[in-house]
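What follows is a short report on a single structure.
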There are 2 protein chains.
Amino acid sequence: MADTQGNQTVGQETLLYLTDEQLRQGIEAMFFAYRGFTADPDRILATLSYGRAHHRALHFIHGAPGTTVNNLLSILGVTKQSLNRVLRTLIEDGLVESRVGRQDKRERHLFLTEDGVALDARLSDAQRARMRAAYKQAGPEAVAGFKTVLEAMMDPEMRRQYQRLREGRG
Amino acid sequence: MADTQGNQTVGQETLLYLTDEQLRQGIEAMFFAYRGFTADPDRILATLSYGRAHHRALHFIHGAPGTTVNNLLSILGVTKQSLNRVLRTLIEDGLVESRVGRQDKRERHLFLTEDGVALDARLSDAQRARMRAAYKQAGPEAVAGFKTVLEAMMDPEMRRQYQRLREGRG
DNA sequence: TTGGAATGTCAACAAGGCTGACTTAAAGTC
DNA sequence: GACTTTAAGTCAGCCTTGTTGACATTCCAA
């Protein structure tokens with residue numbers, strides 16, 4: 001039993017014959033889609049002389065208010081020097097607030113200020129509008145498949161981060 | 001009729017109630033998955049003092065041998081100065097060959113040399129291995145959905161590029 | 001023959017990664 | 001109490017890869 005995709009069903013199991021061409025399409029789809037994914041917020045950021053790194057910081061601080069610098073570091077997967085440069089400008093510009101920890105005073109807990117929330121919303125709205133359009137066009141089954149494949153593509157450590165974030169908001 | 005995803009079916013149509021949380025998950029999935037997507041070739045590139053830009057050039061020259069610089073430019077979406085820097089090192093290192101056009105001698109047609117093919121294969125193998133694993137784990141329906149959503153997420157111009165490349169290899 | 005297109009090149013700059021070295025403060029441990 | 005470890009911040013310098021702007025060359029086409 002072979003379907004139009006070139007897959008075969010043997011008993012209960014569907015064996016995937018993944019040709020190089022099919023995988024290549026997936027690779028190129030990721031490349032082109034990621035560009036679209038970042039295009040809208042990038043345009044906004046450019047007018048503010050911020051970059052993608054600022055957007056990422058805002059996004060994850062918004063999603064986990066009070067997160068520590070170390071925690072943010074491991075989510076973003078960059079060095080503290082790299083994050084610090086971004087974080088410093090966000091704090092200077094009054095978009096992020098850094099509060100000394102109460103139990104552990106070495107830690108800094110990060111929060112968005114009112115302005116930070118506003119910018120994050122502007123960036124997120126732009127990005128979500130495109131996601132929403134894509135989701136609507138593709139339909140709910142495609143969306144489920146989309147998330148399944150993306151999750152399978154992550155490094156195990158990143159998958160843990162991803163799931164932890166979801167649960168934290170669950 | 002509401003399903004577990006919070007969607008409703010009214011007549012033939014499924015209305016998607018896309019909550020911010022659902023969209024947010026998609027955004028984070030893209031972020032973490034893209035990191036995984038590039039991680040394996042990045043490790044190889046680092047040992048060769050090449051970067052992602054070199055990989056992309058090799059990938060698309062491999063996929064469309066004889067492509068012109070201008071064509072490559074529009075696929076990659078960078079400036080000619082930026083591409084030129086990368087292309088120059090690849091040519092110097094004997095991975096890419098640039099041939100003056102026969103009809104239009106202003107154009108340069110780009111080809112991978114034997115060494116270029118070898119490096120592209122090494123990088124592609126690493127990237128495809130992860131894709132293949134993800135595809136196998138997720139199953140064929142998920143893969144179809146994955147591609148549908150990614151395609152819907154692209155800028156129209158990039159979607160045209162993507163489809164043109166597929167057709168070219170058809 | 002002249003204008004425009006495709007290409008290449010030089011210079012300068014910026015974002016955002018990286019490493020390494022070092023400080024400060026707090027927490028934990030022996 | 002002394003010592004070690006941890007969290008965070010900072011400074012300096014480097015790399016890749018993107019950008020703009022200016023300009024030369026080549027050559028097709030009107």
Side-chain angles (χ1 to χ4, degrees), chain A residues 31 34-35 38-39 41-61 66-93 96-111, chain B residues 31 34-35 38-39 41-61 66-93 96-110 123:
Chain A
F31 172 66
Y34 198 78
R35 287 252 295 280
T38 58
D42 278 357
R43 266 188 289 274
I44 297 171
L45 290 160
T47 69
L48 304 168
S49 62
Y50 286 137
R52 243 177 244 181
H54 300 87
H55 181 194
R56 288 199 282 263
L58 291 175
H59 175 100
F60 286 108
I61 295 171
T67 187
T68 63
V69 172
N70 247 9
N71 186 36
L72 195 50
L73 235 43
S74 68
I75 288 171
L76 295 174
V78 295
T79 59
K80 67 173 174 177
Q81 293 91 330
S82 201
L83 175 60
N84 196 257
R85 179 166 37 195
V86 165
L87 225 39
R88 192 166 45 212
T89 71
L90 291 174
I91 292 169
E92 280 170 6
D93 295 355
V96 167
E97 197 191 338
S98 163
R99 295 184 205 153
V100 172
R102 296 208 290 186
Q103 288 102 333
D104 188 333
K105 292 179 192 166
R106 291 170 305 178
E107 293 180 342
R108 302 296 140 86
H109 298 277
L110 301 169
F111 299 87
Chain B
F31 172 66
Y34 199 79
R35 286 251 297 279
T38 58
D42 278 358
R43 267 188 288 275
I44 296 171
L45 289 160
T47 68
L48 303 169
S49 62
Y50 286 136
R52 246 178 240 182
H54 300 86
H55 181 195
R56 289 199 282 264
L58 292 175
H59 175 99
F60 286 108
I61 295 172
T67 188
T68 63
V69 172
N70 244 14
N71 185 37
L72 196 52
L73 235 44
S74 68
I75 289 171
L76 295 173
V78 296
T79 60
K80 65 177 173 173
Q81 294 90 332
S82 199
L83 176 58
N84 195 255
R85 179 168 36 201
V86 165
L87 227 37
R88 193 168 44 216
T89 69
L90 291 174
I91 291 169
E92 279 169 7
D93 295 355
V96 167
E97 196 191 339
S98 163
R99 295 184 205 154
V100 173
R102 295 208 289 184
Q103 287 102 337
D104 187 335
K105 290 179 192 166
R106 290 169 304 181
E107 292 181 342
R108 301 298 138 87
H109 297 278
L110 302 169
L123 297 168

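A quick note: this is a predicted structure, and the numbers were derived from the prediction, not measured. Labels below follow one simple rule: chain letters A, B, ... track the order of the sequence lines, proteins then strands, and each chain is numbered from 1.
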- Opening and closing nucleotides of DNA chain D in contact with chain A, under 4.0 Å to non-hydrogen atoms: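 Nucleotide range in contact with chain A: D:dT6 to D:dC11.
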- Query: Roughly how far, to the nearest 0.5 Å, is the CG atom of B:L73 from the OG atom of B:S82?
  - Reply: 9.0 Å
- Message: If I take atom NE2 from residue B:H109 and atom CG from residue B:D104, how far apart are they, to the nearest 0.5 angstrom?
- Response: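 B:H109 atom NE2 to B:D104 atom CG measures 7.5 Å (nearest 0.5 Å).
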- Message: Could you tell me how far apart B:H109 (NE2) and C:dA6 (C1') are, to the nearest whole angstrom?
- Response: 11 Å
Do [X] and [Y] have side-chain heavy atoms sitting under 4.5 Å apart?
X     : Y     : answer
B:R88 : B:E92 : yes
B:V69 : B:K80 : no
B:L87 : B:I61 : yes
A:Y50 : A:D93 : yes
A:L76 : A:F60 : yes

- Going 5' to 3' along nucleotides 7-17 of chain C, which nucleotides have protein heavy atoms under 4.0 Å from the base (write B), which only from the sugar-phosphate (write S), and which from neither (write -)? BBBB-----BB
- Item | Qualifying residues under ring-ring contact (aromatic ring centres under 6.0 Å, His included), relative to A:Y34, sequence neighbours excluded |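 If we apply the ring-ring contact (aromatic ring centres under 6.0 Å, His included) test to A:Y34, skipping adjacent residues, the hits are A:F37, B:Y34.
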